[in-house]
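Keep in mind that what you see is a predicted model, and the values were worked out from it rather than measured.
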Amino acid sequence: MSALRLILADQLSHSISSLQALEKSNDTVLFCEVMEEATYVPHHPKKIAFLFSAMRHFAAELEAQGIQVRYIKLDAPQNTGSFTSEVARAINALNPSRVIVTEPGEYRVLETFKGWQALLGIPVEIRQDTRFLANREEFAAWAKGKKQLRMEFFYREMRKKYSILIEADQKPTGGEWNYDKENRKPPKSGMTSPARISHKKSAITKEVLALVKNCFSHHFGKLEPFHYAVTRDQAIEELEHFITHLLPNFGDYQDAMVAGEAYLYHSLISSYLNAGLLLPLEICQLAETAYRAHRAPLNAVEGFIRQILGWREYIRGIYWHLMPEYGTRNTLEATRPLPDFYWTAETHMFCIAETIRHTREHAYSHHIQRLMITGNFALLAGLDVKQVQNWYLAVYSDAYEWVEMPNTLGMALFGDDGVVASKPYAASGKYIHRMSNYCGKCQYDPNEMTGEKACPFNALYWDFLVRHEDKFRGNQRMPYVFSTWDKFAPEKQTAIRAQALKIIERMTNGHL
Ligand code: FAD
Ligand code: DLZ
Ligand code: SF4
């Protein structure tokens, strides 16, 4: 029985289920670089280059093990441009008796895979993706009967299940489940990002860079300089560098933002983890080992592990639990077109311009930039939830719908009926001023509410809350917000709302 085994660009793990029980003499592993995937949103050129180079390196590793590989490059003359047509072509050429795949990360792709058996007339086995720490059935069982699906409680179950930061008496290490109150410090004056590893470009990477330059230069984002890891060995090097040199400060400065510094103490591993070059459990175990060896404090280690064992698994659980209906939600009926400055960085708001510059340069910005700068603005200005999601899906090298959608629609835009966030992550300029050094470089003033110089986030913040008063006034987690608004004199309230209108006008006319 010969099998055709398809591996996608985000399935580059030697332990992936679709490679299990492979027969070297009978089976062929198929990789295909296809236009359909590269353009369903206009992906950042660095993301495409990273994925194509990592796929080619991974395919070469399999070949070196004596495994038969069929690798279809994007510019191969016969390349038909989609997963379906390339699998059909491979079946014609190789005549396998079945196709084996691991479930994909996106709902639309899974639906395509499910149609293959009937379409292609050959058995198609779709295997579970065992790289995740909670499978879909397990998440559904946890969610069943719960009124609210809060990450914190899911995370505690995962800590116990994998015995991560759990003591012999089954209590959490240090006595608490969560050390966030010790985290989230503003940046220290003069703080810079510690040096990062940069990888030498292999011949494979050079060839991919030329291809991407040729085909995708019109997409948003700079292709070079290109420093990404493209093999598991290189990704492990980055992970170890992070654990040794950056993890000790990760917790303290997790939410800090500094002009000119894209990375600070963040791990930069999401692209490698999501593509399969790293696995979640090994990362959590390495971080725990650093804590046990007194190489990193508990607040940093717990905070980091929570992102992976908690948030990442929970976000995936929500996506599969609620799709496809989840993708149609738009609780706050946000429909304003995305302004051009999300693509050009041409705005006087320094915080937004800076975040978009980082994104353009690196296909990366850190969580608080995504959530509290570009996400917060989109929330307050009522930007169209689909356009905002497509932007996030295109511009970040770690973006796939399973992780992008609940983060954008749910966490940033409060567009999912409050499943992911119990209250909106809405903030005025005051928060950005406290957590960054951006405002000192901005033509707007975070302390002004109205007038030409007033920070746009301020009036937009109040206008947003009042616009959606019916949803938020009774929210237990926002006790003082509306009592503050109620204390404003009526003239002040009117001036704030008029200012918000002007800001939207300036945004629409490209003058913000
Ligand atoms: P670190 O800050 O070092 O965190 C460590 C790891 O924890 C990350 O590598 C990631 O794997 C995991 N993690 C942290 N937060 C989350 C989260 N909320 N959801 C899932 N995993 C998390 N992450 C993606 O991987 N892909 C996306 O497309 C994506 N889109 C986002 C969109 C918005 C609007 C927001 C607010 C967040 C998004 N995130 C996304 C989550 C988070 O911002 C990134 O995982 C993180 O910035 C990646 O950088 P890092 O590796 O340096 O992370
Ligand atoms: C994101 C992406 C891109 C840009 N190109 C390809 C590709 O050419 N071939 C491939 O196998 N996968 C690609 N991907 C990743 C897929 O979009 C991803 O596997 C699905 O979205 C499922 O998560
Ligand atoms: Fe951003 Fe407002 Fe600060 Fe300017 S003043 S950087 S717009 S928060």
Side-chain angles (χ1 to χ4, degrees), residues 8-10 34-51 81-83 104-112 212 215-222 270-271 274 315-316 318-320 322-347 352 355-360 362-365 367 369-371 373-416 420 425 507-508 510:
L8 307 180
D10 52 351
V34 288
M35 239 348 152
E36 189 171 70
E37 290 306 302
T39 56
Y40 74 95
V41 290
H43 296 287
H44 195 300
K46 268 198 172 80
K47 175 182 187 178
I48 302 176
F50 159 63
L51 288 175
S82 77
F83 287 147
E106 302 198 348
Y107 185 86
R108 79 187 158 89
V109 185
L110 180 60
E111 288 303 291
T112 304
V212 173
C215 298
F216 303 106
S217 287
H218 58 292
H219 287 193
F220 165 91
K222 278 180 75 176
S270 50
S271 305
N274 295 349
I315 285 287
R316 176 176 184 263
I318 292 287
Y319 177 78
W320 286 109
L322 298 175
M323 278 301 274
E325 182 276 329
Y326 191 75
T328 65
R329 294 188 188 189
N330 186 1
T331 308
L332 302 179
E333 295 173 7
T335 54
R336 273 203 185 102
L338 192 75
D340 282 352
F341 59 67
Y342 274 76
W343 301 108
T344 62
E346 283 169 18
T347 165
I352 300 246
T355 300
I356 291 166
R357 281 193 293 266
H358 289 173
T359 305
R360 189 168 58 195
H362 307 295
Y364 177 86
S365 69
H367 185 68
Q369 292 176 301
R370 296 187 204 194
L371 183 63
I373 306 292
T374 41
N376 185 26
F377 185 86
L379 170 75
L380 302 185
L383 302 186
D384 183 279
V385 292
K386 265 288 161 242
Q387 289 185 26
V388 176
Q389 286 176 70
N390 283 343
W391 183 80
Y392 277 96
L393 198 52
V395 304
Y396 291 113
S397 61
D398 56 21
Y400 306 89
E401 194 181 79
W402 69 264
V403 55
E404 172 278 322
M405 183 185 281
N407 270 299
T408 307
L409 181 68
M411 194 184 299
L413 302 179
F414 203 78
D416 69 350
V420 168
Y425 283 91
M507 175 186 88
T508 310

Student: Which atom names give the shortest non-hydrogen contact between His44 and Gly221, and what distance separates them?
Tutor: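 Taking His44 first and Gly221 second, the nearest heavy atoms are NE2-CA, 3.3 Å.
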Student: What I'd like to find out is whether the side chain of Ser271 reaches to under 4.5 Å of the side chain of Tyr364, using heavy atoms alone.
Tutor: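 No - every pair of side-chain heavy atoms lies 4.5 Å or more apart.
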Student: Rounded at 0.5 Å granularity, tell me how far CG in Asp340 sits from CD in Glu346.
Tutor: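 Reported value, rounded in 0.5 Å steps: 9.0 Å.
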Student: Distance check, rounded to the nearest 0.5 Å: Asn274 atom CG versus Arg316 atom CZ?
Tutor: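 Here the interatomic distance stands at 11.0 Å.
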Student: So, does Glu36 use its side chain to make a donor-acceptor pair with the main chain of Gly81 at under 3.5 Å?
Tutor: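 Side chain of Glu36 to backbone of Gly81, a donor-acceptor pair under 3.5 Å: no, none is there.
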Student: Distance from Glu401 atom CD to Met323 atom CE, nearest 0.5 Å?
Tutor: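 Between Glu401 CD and Met323 CE, I get 4.5 Å after rounding to 0.5 Å.
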Student: With a 3.5 Å cut-off and no angle check, do the side chains of Tyr392 and Thr374 form a donor-acceptor pair?
Tutor: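 The answer is yes; a qualifying pair exists.
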Student: Under the side-chain contact (heavy atoms from CB on, under 4.5 Å) rule, what do Val403 and Tyr319 come out as? Steps first, then yes or no, please.
Tutor: CA-CA 8 Å; Val403 55; Tyr319 177 78; over 6 Å; no
Student: Any side-chain to backbone donor/acceptor pair from Trp343 onto Phe220? Under 3.5 Å, distance only.
Tutor: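 Checking the backbone N and O of Phe220 against the side chain of Trp343, no donor-acceptor pair under 3.5 Å is found.
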Student: Do side-chain atoms of His218 reach the backbone of Pro42 as a donor and acceptor pair under 3.5 angstrom?
Tutor: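 Not at all, since once roles are kept as given, no pair shorter than 3.5 Å links the two residues.
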Student: Rounded to the nearest 0.5 Å, what separates atom CZ in Arg357 from atom OG1 in Thr344?
Tutor: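 These two atoms lie 11.0 Å from each other.
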Student: Determine the minimum heavy-atom distance between Leu383 and Pro337, stating which atoms define it.
Tutor: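 Closest pair (atom of Leu383, atom of Pro337, distance): CD2-O, 3.8 Å.
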Student: When you compare the side chain of Ile315 with that of Met405, does any pair of heavy atoms fall below 4.5 Å?
Tutor: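 No, too far: nothing below the 4.5 Å cut-off.
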Student: Only one of Val420, Leu413, Asp416 clears side-chain contact (heavy atoms from CB on, under 4.5 Å) with Thr408; which?
Tutor: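 It is Leu413; the other options fail the test.
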Student: Hey, does the side chain of Lys386 reach the backbone of Thr328 with a donor-acceptor pair shorter than 3.5 angstrom?
Tutor: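 No; judged by distance alone, with no hydrogens or angles, the pair does not exist.
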Student: Kindly indicate, with the supporting measurements, whether the criterion side-chain contact (heavy atoms from CB on, under 4.5 Å) is fulfilled by Thr112 and Phe83.
Tutor: CA-CA 9 Å; Thr112 304; Phe83 287 147; 5.6 Å; no
Student: Identify whether NZ of Lys or CZ of Arg in Arg370 sits under 6.0 Å from the centre of the six-membered ring of Tyr396 and within 45° of that ring's axis.
Tutor: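 Cation-pi check for Arg370 and Tyr396: passes.
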Student: Could you go through the ring pair (Phe, Tyr, Trp, His ring centres under 6.0 Å) check for Tyr342 and Trp391 one step at a time?
Tutor: CA-CA 8 Å; Tyr342 274 76; Trp391 183 80; 5.2 Å; yes
Student: Measure the spacing between OG1 of Thr39 and CD1 of Ile48 and express it to the nearest 0.5 Å.
Tutor: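 Output value for this atom pair is 8.0 Å.
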Student: Is it possible for you to check whether Lys47 lies under 6.0 Å from the centre of the six-membered ring of Tyr400, through NZ or CZ, and within 45° of that ring's axis?
Tutor: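 Output yes; distance and angle both within limits.
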Student: Establish, from distance only, whether the side-chain atoms of Asp398 and Ser270 form a donor-acceptor pair under 3.5 Å.
Tutor: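 The criterion, which ignores hydrogens and geometry beyond distance, is satisfied for Ser270 and Asp398.
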Student: Grab the two heavy atoms, one from Ser365 and one from Thr355, that are nearest each other, plus how far apart they are.
Tutor: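 Residues Ser365 and Thr355, closest heavy atoms: OG-CG2, 4.0 Å.
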Student: Does one side chain, of Glu106 or Tyr40, offer a donor that lies under 3.5 Å from an acceptor on the other?
Tutor: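 Judged by distance alone, the side chains do pair up.
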Student: Do Leu332 and Leu379 have side chains that get closer than 4.5 Å, going by heavy atoms?
Tutor: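 Result yes, sub-4.5 Å side-chain heavy-atom pair found.
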Student: Can you confirm whether Leu371 sits close enough to Met411 that some side-chain heavy atom of one is under 4.5 Å from a side-chain heavy atom of the other?
Tutor: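 In short, these two side chains touch, coming nearer than 4.5 Å.
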Student: Using side-chain heavy atoms (C-beta onward) and a distance below 4.5 Å, is Lys46 in contact with Ser397?
Tutor: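 No, side chains not in contact.
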Student: Between Tyr107 and Trp320, is any pair of side-chain heavy atoms under 4.5 Å apart?
Tutor: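 The answer is yes; the side chains approach within 4.5 Å.
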Student: Identify the two heavy atoms, one from Ala399 and one from Leu393, that lie closest to each other, and give their separation to 0.1 Å.
Tutor: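 Shortest heavy-atom separation between Ala399 and Leu393 comes out as CB-O, 3.5 Å.
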Student: If I take atom CG from residue Asn376 and atom CD1 from residue Ile373, how far apart are they, to the nearest 0.5 angstrom?
Tutor: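 Between Asn376 CG and Ile373 CD1, I get 7.0 Å after rounding to 0.5 Å.
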Student: Less than 4.5 Å apart, side chain to side chain, heavy atoms only: is that true for Val41 and Gln389?
Tutor: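 A side-chain contact under 4.5 Å is absent here.
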Student: Arg360 side chain to Val395 main-chain N or O, any donor-acceptor pair under 3.5 Å?
Tutor: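 No: the side chain of Arg360 does not pair with the backbone of Val395.
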Student: Do other residues, nucleotides or ligands put more than 12 heavy atoms under 6.0 Å from the CD atom of Glu325?
Tutor: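 More than 12 heavy atoms, drawn from other residues, nucleotides or ligands, come within 6.0 Å of this atom.
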Student: Heavy atoms, side chains only, cut-off 4.5 Å: are Asp384 and Arg336 in contact?
Tutor: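 No. Closest side-chain heavy atoms not under 4.5 Å.
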Student: Considering all heavy atoms of both residues, which atom of Leu8 and which atom of Pro104 are nearest to each other, and what is their separation?
Tutor: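 Smallest interatomic distance, heavy atoms only, reads CD1-CB, 3.8 Å.
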Student: Please report the closest heavy-atom contact between Arg329 and Gly415, naming both atoms and the distance.
Tutor: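 Minimum heavy-atom separation between Arg329 and Gly415: CB-O, 3.3 Å.
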